[in-house]
Q: 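Here it is, the structure, as structure tokens.
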There are 2 protein chains.
Amino acid sequence: MKIGFLGFGEVASNISKWLKDSGLEIYTSLENRSQRTQDLVEKSGVNICENNKSLANISDILISALTPDEAINVAREIGKYSKGVYVDINNISPETAQKALEYIENGRTADAAIMGGIKKEGKKVQIIASGSHAEQFSQLNQYGMNIKVTSPHLGQSKALKMLRSAYTKGVSALIFESLYSAYKLDLDEELLECLKITEGPDFMKSALSRVISSAYHARRRAEEMDEVLSFISNYNDPIMSKATMECFKNISKTVNQDIMAENYKDVFKSHK
Amino acid sequence: MKIGFLGFGEVASNISKWLKDSGLEIYTSLENRSQRTQDLVEKSGVNICENNKSLANISDILISALTPDEAINVAREIGKYSKGVYVDINNISPETAQKALEYIENGRTADAAIMGGIKKEGKKVQIIASGSHAEQFSQLNQYGMNIKVTSPHLGQSKALKMLRSAYTKGVSALIFESLYSAYKLDLDEELLECLKITEGPDFMKSALSRVISSAYHARRRAEEMDEVLSFISNYNDPIMSKATMECFKNISKTVNQDIMAENYKDVFKSHK
């Protein structure tokens with residue numbers, strides 16, 4: 001079985017490594033790829049096709065793992081050449097995934113979403129898949145992946161990812177804001193200590209990791225929340241999600257982020 | 001050692017039971033108490049003083065556990081009669097506690113805050129104490145309580161409680177909002193299942209318990225958040241806490257609450 005990757009960033013390079021180690025043939029193409037990606041491909045030792053079209057033509061499963069703004073364009077470009085199952089694992093909304101997958105002429109499609117940190121959790125990270133050909137994609141579980149098919153309806157896995165983001169990013173914003181107030185009152189350590197008691201054994205580690213990564217990635221989080229918001233607003237008035245986006249915007253603009261990142265890096269090390 | 005309780009609601013009746021079972025003499029008074037409280041007192045078998053003044057006069061440790069709006073008035077009333085250590089464990093802001101404790105003429109005071117659910121956690125529930133006489137209050141640890149002295153500065157324990165509330169009530173609002181959107185998309189069970197994987201082993205139980213109690217107590221939560229907000233606003237721009245209050249207000253006004261309470265009660269039972 002030949003597995004192709006459109007794009008070769010963090011997601012593709014990790015998944016391709018797991019699958020290659022399990023004995024599968026991995027392919028990608030360097031068409032329109034950055035120097036950084038070309039280096040990643042070279043290091044990984046995967047097979048290189050001449051271009052995206054020939055990659056689409058030979059892949060039994062073709063996984064689209066691009067930057068969000070490329071997802072539709074690349075699907076349009078290779079839509080009539082895709083011979084196998086085309087899986088969109090891009091970090092995009094259900095609507096955008098739907099649009100992209102409409103270009104795949106053979107109709108053998110699935111959308112997928114990664115529910116956690118691919119670097120941190122490795123091949124155990126859960127991947128949710130939906131769409132008419134999600135079951136075929138989940139055959140990669142035989143090669144060590146952790147794919148769960150949630151529905152034959154296209155877009156459900158992206159929807160689930162958005163809902164999950166609304167919660168997890170919201171918790172990050174909350175712990176950042178609460179801890180920043182506590183920091184100003186010189187009660188930050190006490191706050192963490194007393195939350196630890198009721199919020200479970202993993203609280204301390206995950207809270208500190210959330211504060212630090214919120215500090216470093218506030219701008220990107222705000223952008224991601226913007227997409228989450230425009231999706232959820234179709235179903236609910238997302239008061240907390242609006243605040244989450246505002247909070248990350250605010251963090252990215254103010255000096256808080258440096259204070260928080262530096263302040264809790266050491267605390268974090270001692271709780272690792 | 002004689003322990004007195006001003007007020008005899010849930011907090012006083014629980015703590016007095018632990019201390020009575022450990023052999024301490026417990027006192028209260030029925031002055032201005034409701035019929036419900038009088039019944040609670042009778043059932044508890046604690047000693048009854050003629051009025052608040054005589055209670056203040058004989059208590060080695062006098063614990064004020066009233067409704068928030070009584071805290072200042074009762075302190076003013078018995079301020080010059082309090083002979084022992086006066087501990088304010090009311091659910092009030094640091095500023096209000098400060099005002100109340102200024103009436104205690106002997107100056108032997110502490111403020112305390114309960115960090116968790118007294119009914120659910122029992123005598124293991126952590127109580128944080130601060131103020132000049134917090135150490136004396138913490139002697140009750142010899143009788144099975146779990147009091148942690150955090151600072152000799154009056155008001156710190158109430159401040160910590162407010163910060164903790166900002167976080168825990170925020171998480172409740174977040175899980176409610178996320179789950180309600182998921183419910184509308186028929187993805188609520190899937191959302192809980194996939195959060196369970198990354199949010200720790202206690203996630204499911206605590207999320208469901210938070211959703212149900214948010215549904216039932218939305219109005220009270222909104223009121224409590226109002227007080228949290230007015231405290232935190234002195235130190236930070238509490239974007240997430242404002243949203244938490246709005247979210248609870250919204251829940252208390254709309255039909256969501258019944259859907260959510262009913263819907264997850266059964267799910268909750270199966271995860272207990």
Side-chain angles (χ1 to χ4, degrees), chain A residues 115-117 121 125-126 128 148 150-151 156 159-164 166-168 170-171 173-188 190-191 193-195 197-203 206-207 231-232 234-244 246-247 249-250 256, chain B residues 115-117 121 125-126 128 148 150-151 156 159-164 166-168 170-171 173-188 190-191 193-195 197-203 206-207 231-232 234-244 246-247 249-250 256:
Chain A
M115 302 292 179
E121 297 174 54
V125 71
Q126 190 171 63
I128 300 283
K148 189 180 161 192
T150 176
S151 155
Q156 292 290 69
L160 205 49
K161 169 105 177 183
M162 296 262 146
L163 293 166
R164 181 180 178 279
Y167 179 78
T168 59
V171 172
L174 251 181
I175 187 68
F176 193 100
E177 183 175 296
S178 312
L179 205 59
Y180 188 63
S181 304
Y183 164 79
K184 288 203 159 181
L185 280 152
D186 201 17
L187 282 171
D188 46 344
E190 285 83 352
L191 178 63
E193 285 297 330
C194 87
L195 282 171
I197 296 172
T198 50
E199 300 303 299
D202 299 335
F203 171 78
S206 84
F231 172 67
I232 297 187
N234 298 323
Y235 306 93
N236 194 0
D237 177 20
I239 299 170
M240 295 301 286
S241 292
K242 274 183 213 153
T244 302
E246 279 312 310
C247 189
K249 266 194 197 163
N250 203 31
N256 304 357
Chain B
M115 303 293 178
E121 298 174 53
V125 71
Q126 191 173 60
I128 301 282
K148 188 179 161 193
T150 176
S151 157
Q156 292 290 70
L160 205 50
K161 170 107 178 183
M162 296 263 147
L163 293 165
R164 182 180 177 279
Y167 179 78
T168 58
V171 172
L174 251 180
I175 187 67
F176 193 99
E177 183 174 297
S178 313
L179 204 60
Y180 187 64
S181 303
Y183 164 79
K184 288 204 159 184
L185 279 151
D186 201 17
L187 282 170
D188 46 344
E190 284 84 353
L191 178 63
E193 285 298 329
C194 87
L195 282 170
I197 296 173
T198 51
E199 300 303 300
D202 299 334
F203 171 78
S206 84
F231 172 67
I232 296 186
N234 299 323
Y235 305 94
N236 195 1
D237 176 21
I239 300 170
M240 295 299 288
S241 292
K242 274 181 215 155
T244 303
E246 279 312 310
C247 189
K249 265 193 197 163
N250 203 31
N256 303 358

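Every chain is numbered from 1 and lettered A, B, ... according to where its sequence line falls, protein lines coming before strand lines. Since we're looking at a predicted model, the values are computed, not measured.
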Q: In terms of heavy-atom proximity below 4.5 Å to chain A, should Phe203(B) be classed as side chain, backbone, both, or neither?
A: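 Just its side chain gets close to chain A.
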Q: Looking only at heavy atoms, which two atoms of Leu185(A) and Leu163(B) are closest? And how far apart?
A: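 Closest approach of Leu185(A) to Leu163(B), heavy atoms only: CD1-CD1, 4.1 Å.
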Q: What is the distance from atom CD of Glu193(B) to atom CD1 of Ile128(A), rounded to the nearest 0.5 Å?
A: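 Here the rounded value is 9.5 Å.
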Q: Given heavy-atom pairs under 4.5 angstrom as the criterion, report whether the side chain, backbone, both or neither of Phe231(B) touches chain A.
A: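 Phe231(B) touches chain A through side-chain heavy atoms alone.
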Q: With chain A, which of Gly170(B), Gly200(B), Ala159(B), Ala166(B) has the greatest number of heavy-atom pairs at distances under 4.5 Å?
A: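 When all of Gly170(B), Gly200(B), Ala159(B), Ala166(B) are compared, Gly170(B) has the most.
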Q: In terms of heavy-atom pairs under 4.5 Å with chain A, which of Ile175(B), Asp202(B), Thr150(B) leads?
A: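 Of the candidates given, the most pairs with chain A belong to Ile175(B).
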Q: With chain A, which of Leu179(B), Val125(B), Leu195(B), Ile232(B) has the greatest number of heavy-atom pairs at distances under 4.5 Å?
A: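 Heavy-atom pair counts peak at Leu195(B).
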Q: Please look at Lys161(B) and chain A and tell me whether the side chain, the backbone, both or neither of the residue comes under 4.5 angstrom of a heavy atom of that chain.
A: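 For Lys161(B), no heavy atom lies under 4.5 Å from chain A.
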Q: Less than 4.5 Å apart, side chain to side chain, heavy atoms only: is that true for Glu190(A) and Gln156(B)?
A: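 Of all side-chain heavy-atom pairs linking Gln156(B) with Glu190(A), none is under 4.5 Å.
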Q: Please classify the contact of Thr198(B) with chain A as side chain, backbone, both or neither, using a heavy-atom distance under 4.5 Å.
A: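 Side chain only.
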Q: Any non-hydrogen side-chain atom of Met240(A) less than 4.5 Å from a side-chain atom of Met240(B)?
A: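 Contact flag for Met240(A)/Met240(B) side chains = yes.
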Q: Contact part of Ile197(B) toward chain A, heavy-atom cut-off under 4.5 Å: side chain, backbone, both or neither?
A: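 Contact with chain A is through the side chain of Ile197(B) alone.
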Q: So which residue, Met162(B), Lys184(B), Met115(B), ends up with the most heavy-atom pairs under 4.5 Å with chain A?
A: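 The residue among Met162(B), Lys184(B), Met115(B) with the greatest pair count is Lys184(B).
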Q: I'd like to know which of Ala182(B), Pro238(B), Gly117(B) tops the heavy-atom pair count under 4.5 Å against chain A.
A: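 Between Ala182(B), Pro238(B), Gly117(B), the count favours Pro238(B).
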Q: Would you say the side-chain atoms of Glu177(B) pair up with the backbone N or O of Ile239(A), donor to acceptor, closer than 3.5 Å?
A: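 Yes, because the side chain of Glu177(B) sits within donor-acceptor range (under 3.5 Å) of the backbone of Ile239(A).
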Q: Quick check for you: among Gly116(B), Ser151(B), Cys194(B), which has the greatest number of heavy-atom pairs under 4.5 Å with chain A?
A: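 Counting heavy-atom pairs under 4.5 Å, the top option is Cys194(B).
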Q: For Leu174(A) and Leu174(B), which heavy atoms make the closest approach, and how far apart are they?
A: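 Scanning both residues completely, I find the closest heavy atoms to be CD1-CD1, 4.0 Å.
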